[in-house]
**Q** 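The following block contains the structure, expressed as structure tokens.
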Amino acid sequence: MINAAQVGFGAAILAGVVLAIIGHPGPKDLPPPAAASASASTNASQTFVLKSVSVDLPTSAITFPGGAAADAINANCLSCHSAGMVLAQPNLTKAAWAAEVDKMIHAFKAPIDQGNVAAIVDYLSQTKGVK
């Protein structure tokens, strides 16, 4: 009986044989470079234009439940995360939630006011804390 490792090895050998027969595309397949003088004069006359685009992101009126206890998380976290996505996360310890909030601030540069960090961590540990 043939196992998956043997099939994978066989596929790699077959790919190598096919490349050996047809050859790897090399410099001979590339178009010749333009003359240096023509390239310099062409680059001088070229311009690069940036165009603004508008992107419509999905919106949601769903906020974190809990009234005033959820004010800090609603004000700081909904700009990047939906409440549903956060509330679907596994239950974590308070220290783990604190590390997650710290990661959002320092690694992902979330604009969270330091005065709201404790309230966010408290809300997450009360709502999605290890029970």
Side-chain angles (χ1 to χ4, degrees):
M1 180 125 278
I2 297 175
N3 64 30
Q6 291 170 325
V7 171
F9 182 73
I13 294 295
L14 180 61
V17 169
V18 169
L19 280 175
I21 292 171
I22 65 172
H24 188 275
K28 66 182 186 291
D29 299 324
L30 299 174
S37 60
S39 174
S41 64
T42 304
N43 286 339
S45 65
Q46 290 179 345
T47 59
F48 184 73
V49 179
L50 294 176
K51 294 182 181 180
S52 295
V53 295
S54 177
V55 177
D56 292 324
L57 299 174
T59 59
S60 175
I62 300 171
T63 59
F64 290 92
D71 285 348
I73 196 166
N74 282 323
N76 289 279
C77 303
L78 289 177
S79 58
C80 297
H81 304 289
S82 70
M85 187 280 297
V86 175
L87 295 173
Q89 299 304 306
N91 294 336
L92 300 175
T93 64
K94 187 171 185 173
W97 279 121
E100 286 298 311
V101 173
D102 186 66
K103 177 176 68 175
M104 295 301 138
I105 294 169
H106 295 100
F108 297 112
K109 308 299 182 209
I112 298 173
D113 181 72
Q114 284 297 320
N116 291 324
V117 171
I120 293 170
V121 171
D122 287 343
Y123 178 86
L124 290 168
S125 62
Q126 290 170 6
T127 308
K128 293 295 297 177
V130 175
K131 295 177 172 65

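Residue numbers count from 1 along this sequence. Since we're looking at a predicted model, the values are computed, not measured.
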**Q** Within a 6.0 Å radius of atom CG on L87, are there more than 12 heavy atoms belonging to other residues, nucleotides or ligands?
**A** yes
**Q** Given a cutoff of under 4.5 Å between side-chain heavy atoms of I, L, V, M, F, W and Y, with clusters grown through shared members, what are the other residues clustered with V49?
**A** none
**Q** Could you list all the salt bridge (charged side-chain N to carboxylate O under 4.0 Å, His left out) pairs where at least one residue sits in residues 3-23, not counting sequence neighbours?
**A**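 Matches after skipping sequence neighbours: none remain.
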**Q** Sort and list the pairs that fulfil salt bridge (charged side-chain N to carboxylate O under 4.0 Å, His left out) and have at least one residue in residues 103-113, not counting sequence neighbours.
**A**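 Non-adjacent pairs meeting salt bridge (charged side-chain N to carboxylate O under 4.0 Å, His left out): E100-K103.
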**Q** Clusters formed by hydrophobic residues whose side-chain heavy atoms approach within less than 4.5 Å: which one holds F108, and what are its other members?
**A** M104
**Q** Are Q126 and W97 packed together at the side-chain level, in the sense that at least one heavy-atom pair is separated by less than 4.5 angstrom?
**A**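 Q126 does not reach W97 side chain to side chain.
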**Q** Distance from I112 atom CD1 to C80 atom SG, nearest 0.5 Å?
**A** 8.0 Å
**Q** Applying salt bridge (charged side-chain N to carboxylate O under 4.0 Å, His left out) as the test, list every pair that has at least one member in residues 115-128; sequence neighbours left out.
**A**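 Residue pairs with at least one partner in residues 115-128: K94-D122.
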**Q** With a 3.5 Å cut-off and sequence neighbours excluded, list the donor-acceptor pairs that the side chains of residues 71-78 form with protein atoms.
**A**
from	atom 1	to	atom 2	distance (Å)
N74	OD1	F64	N	2.8
N74	ND2	F64	O	3.4
N74	ND2	A70	O	3.1
N76	ND2	A72	O	2.8

